[in-house]
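Have a look at the structure below, then the notes.
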Amino acid sequence: QGARAIAFQVDSPGGTVAGNKETARIIANLPKQGIPTASAVNGLACSAAYKISSGTEVIFATESSEVGNIGTIMTWADCDEFWREQGVEFKALTNQGADLKSTFHLEPNSTQLAFLQQRIDSAGDEFRQFVVEGRKNSEVELDPEVFRAGWYSGQSALNLGLIDSVGTLEDAKTFLLEGV
């Protein structure tokens, strides 16, 4: 309360879907409340960290920072062979009708895999739309290449529309203070 502007210093490889939607929305709504925002990347702003950064009005990143990685992923380990060698075989029961429930102790069946793919695609679409909306006021248009989930640094990130300027936290602060 009482903030005239907020500069977010970002250095994160990203994280999970849980919670990032709400955090990104809060940050994206700050300018609507009269609080200018900027992100300053010194290291990484990938995946969920980039999503959150894209909600600020302007993004600065150092020449060697890596930004982007716009996409979603779900992983699990197939440990069947290890457990078989240990003499362990997993079994699972679910309540009647819970055919989408997968514990990842068992290989998901085709129905479960289709459900998981739909959830990943949905989260990826939401991510993409959030970034597009957040970057629509940037002077550089987003290149569709960024939605292949690559990450880019310096001038490449600027050319692709992922950042607004190659710069530092001090540059972000100067930008914000000039605007208030």
Next item on the list: Give the cluster check for L158 versus V146: same hydrophobic cluster or not, with ILVMFWY residues linked at side-chain heavy-atom distances below 4.5 Å.
Entry: yes
Check: Quick one: does Y50's side chain have a donor or acceptor within less than 3.5 Å of a partner on L162's backbone?
Finding: yes
Next item on the list: Taking E57 for its side chain and T37 for its backbone only, find out whether a donor-acceptor pair lies under 3.5 Å.
Entry: yes
Next item on the list: Find out if a path of hydrophobic residues (ILVMFWY) with successive side-chain heavy-atom gaps under 4.5 Å connects V132 to Y152.
Entry: yes
Check: For W151 and C46, which heavy atoms make the closest approach, and how far apart are they?
Finding: CB-SG, 4.0 Å
Note to self: On a heavy-atom basis, which atom in S39 and which in T56 lie closest, and how many Å separate them?
What the structure shows: OG-OG1, 3.0 Å
Margin query: Closer than 3.5 angstrom, by distance alone: can the side chain of D11 be matched with the main-chain N or O of L44 as a donor-acceptor pair?
Written below: yes
Margin query: Given 3.5 Å as the limit, does a donor-acceptor pair link the side chain of T72 with the main chain of I120, or not?
Written below: yes
Check: Can we say E81 and R84 salt-bridge, meaning some charged N sits less than 4.0 Å from an Asp/Glu carboxylate O?
Finding: no
Margin query: Please determine whether the number of non-hydrogen atoms from other residues, nucleotides or ligands lying under 6.0 Å from atom CD of Q86 exceeds 12.
Written below: yes
Check: Which heavy-atom pair separates A7 from L169 by the least distance, and what is that distance?
Finding: CB-CD1, 4.0 Å
Next item on the list: Taking atom types as modelled, find out whether D125 and S122 have a side-chain donor-acceptor pair closer than 3.5 angstrom.
Entry: no
Next item on the list: Locate the shortest heavy-atom distance separating T168 from D171; write the atom from each residue and the value.
Entry: N-OD2, 2.8 Å
Note to self: Count I, L, V, M, F, W, Y as connected when their side-chain heavy atoms are under 4.5 Å apart, and connections chain through other members. Are L93 and F90 then in the same cluster?
What the structure shows: no
Checklist line | Flag if over 12 foreign heavy atoms under 6.0 Å of CD, E145 | finding: yes
Notebook entry, point to check: Mind checking whether I59 and F147 sit in one hydrophobic cluster, side chains of I, L, V, M, F, W, Y counted as touching below 4.5 Å?
Noted result: yes
Next item on the list: Run the salt-bridge test on E170 and K173 with the 4.0 Å N-O cut-off and return the result as yes or no.
Entry: yes
Checklist line | Q155 side chain to N159 side chain, donor-acceptor N/O pair below 3.5 angstrom | finding: yes
Item checked: L100: which of T111, L116, N109 passes side-chain contact (heavy atoms from CB on, under 4.5 Å) -> T111
Notebook entry, point to check: What heavy-atom pair brings P13 and S47 nearest, and what distance separates the two atoms?
Noted result: O-CB, 3.8 Å
Margin query: So, taking the atom named CG in D80 and the one named CD in E89, what distance separates them when rounded to the nearest 0.5 Å?
Written below: 9.5 Å
Note to self: Checking E22 against R25 for the salt bridge (charged side-chain N to carboxylate O under 4.0 Å, His left out) test, could you report, in this order, the C-alpha distance in whole Å, the side-chain angles of both residues, the deciding distance, and whether it holds?
What the structure shows: CA-CA 5 Å; E22 295 80 6; R25 192 176 299 131; 5.5 Å; no
Note to self: Using 0.5 Å steps for rounding, measure from the CG atom of D78 to the CD atom of E107.
What the structure shows: 5.5 Å
Checklist line | Residues D164, E139; criterion side chain to side chain contact (heavy atoms under 4.5 Å, CB included); working and verdict | finding: CA-CA 7 Å; D164 296 288; E139 291 183 18; 5.7 Å; no
Check: Would F60 end up clustered with L176 when hydrophobic side chains under 4.5 Å apart are linked, directly or stepwise?
Finding: yes
Margin query: Are the side chains of P108 and W76 in contact, using a 4.5 Å heavy-atom criterion?
Written below: yes
Next item on the list: Please tell me if the side chains of L177 and R4 come closer than 4.5 Å, counting only heavy atoms from C-beta onward.
Entry: yes
Next item on the list: Look only at the side chain of Q112 and the backbone of K101, and say whether a donor-acceptor pair between them is shorter than 3.5 Å.
Entry: yes
Next item on the list: For residues A48 and F127, report the shortest heavy-atom separation together with the two atoms involved.
Entry: N-CZ, 4.5 Å
Margin query: Test your reading of the model: is there a side-chain donor-acceptor pair from S65 to the backbone of V41, 3.5 Å cut-off?
Written below: yes
Checklist line | Heavy-atom donor-acceptor pair, R135 side chain to G161 backbone, under 3.5 Å | finding: yes
Margin query: Does Q117 form a side chain to side chain contact (heavy atoms under 4.5 Å, CB included) with D121? I'd like the steps, not just the answer.
Written below: CA-CA 6 Å; Q117 186 64 59; D121 291 345; 2.8 Å; yes
Check: Do the side chains of N20 and F130 get nearer than 4.5 Å, heavy atoms only?
Finding: no
